[in-house]
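Presented below is the structure to which this report refers.
Values below: all heavy atoms of this structure, side chains included; hydrogens, waters and symmetry mates excluded.
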Amino acid sequence: LTACGEDGVKNQIYNHLEQTVSLEKGFEEQQSEITKLEEEEKEIYNEIIELDMDDFEQIVELSDKAIDTIEKRSELIQIEKESIDSSEQEFKNIEELIGDLEEEEVKNTAEEMFDVMLTRYEAYDNIYESYTEALELEKELYQMLKKEDVKQEELVSHITKINESYKTVLESNQNFNEQTVEYNDLKKTFYQIANIDVEYEESMETEN
């Protein structure tokens, strides 16, 4: 796909865009596993709050189990982040190529698509940051639950912090999903007006 001139440039852009999709496979693969672990941890937490101090040993045991699911999620979100980072690196290769496009409509659409995708990567970075912080806070919560002398108000205050972190995750998530939809639409438009013949099997995935 390395013809000369305008068509060659379009084909190079096409190759980078499709490679970008492939590199996000790792990101997609982590999604369901992370969701499954979140559900597991939620069940453990509900079990803990049903217990009282007479069942302290069981609380400690369940807290360790919850910490284990948090550590697994931490590993998965790291794999997810690496996948998005390599996708971003690949995607940025189109920036110079866009400058070589001659047709105004094609060039403008490509520039818009590029900007939207960069905003999408930023939104993901915000998700990653907030989610990592939330995991850290959750781990701290279970460490607190393993102390017999922990005060109720300390727990309540800590849970509030966790909820705030997840609120930020949800907001960033919503932004990420909106940018993903917009990017996929712009990419489709770009392929159409650039006369790039494509079969649509796969697009970028949105976050859960």
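- Residues that satisfy the side-chain contact (heavy atoms from CB on, under 4.5 Å) test with Glu129, not counting sequence neighbours, are absent from this structure.
- Separation of atoms CD1 (Ile159) and CE (Met144) is listed at 8.0 Å; rounding is to 0.5 Å.
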### Task
Output, in order, the C-alpha distance, side-chain angles, deciding distance and verdict of side chain to side chain donor-acceptor pair (under 3.5 Å) for Glu122 and Asn126.
CA-CA 6 Å; Glu122 268 174 48; Asn126 292 336; over 6 Å; no

### Message
Assess the residue pair Glu47 and Gln58 against the criterion (side chain to side chain donor-acceptor pair (under 3.5 Å)); give the C-alpha distance rounded to whole Å, side-chain angles, the decisive distance to 0.1 Å, and a yes or no.
### Response
CA-CA 10 Å; Glu47 270 185 73; Gln58 207 182 337; 4.8 Å; no

### Trace of the side chain to side chain donor-acceptor pair (under 3.5 Å) decision for Glu24 with Ser87
CA-CA 6 Å; Glu24 286 204 15; Ser87 153; 3.0 Å; yes

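- Here the side chains of Phe27 and Ile79 are not in contact, with every heavy-atom distance at 4.5 Å or above.
- For His158 (side chain) and Leu137 (main-chain N/O), a donor-acceptor pair under 3.5 Å exists by modelled atom type.
- Put simply, the side chain of Ser74 never gets that close to the backbone of Ile70: no donor and acceptor are under 3.5 Å apart.
- The cluster map of Ile, Leu, Val, Met, Phe, Trp and Tyr, joined by side-chain heavy atoms under 4.5 Å apart, puts Tyr142 and Ile49 in the same cluster.
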### Message
As a quick check of understanding, evaluate side chain to side chain donor-acceptor pair (under 3.5 Å) for Glu171 and Tyr166, giving each step before the final call.
### Response
CA-CA 9 Å; Glu171 285 164 5; Tyr166 276 115; over 6 Å; no

### Task
Using the salt bridge (charged side-chain N to carboxylate O under 4.0 Å, His left out) rule, take Arg73 and Glu80 through it: C-alpha gap first, then chi angles, then the decisive distance, then the call.
CA-CA 10 Å; Arg73 273 155 67 201; Glu80 188 182 275; over 6 Å; no

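- Remark: Tyr128 engages no residue in a ring-ring contact (aromatic ring centres under 6.0 Å, His included) (not counting sequence neighbours).
- A distance of 9.5 Å separates CD in Gln30 from CD in Glu82, rounded to the nearest 0.5 Å.
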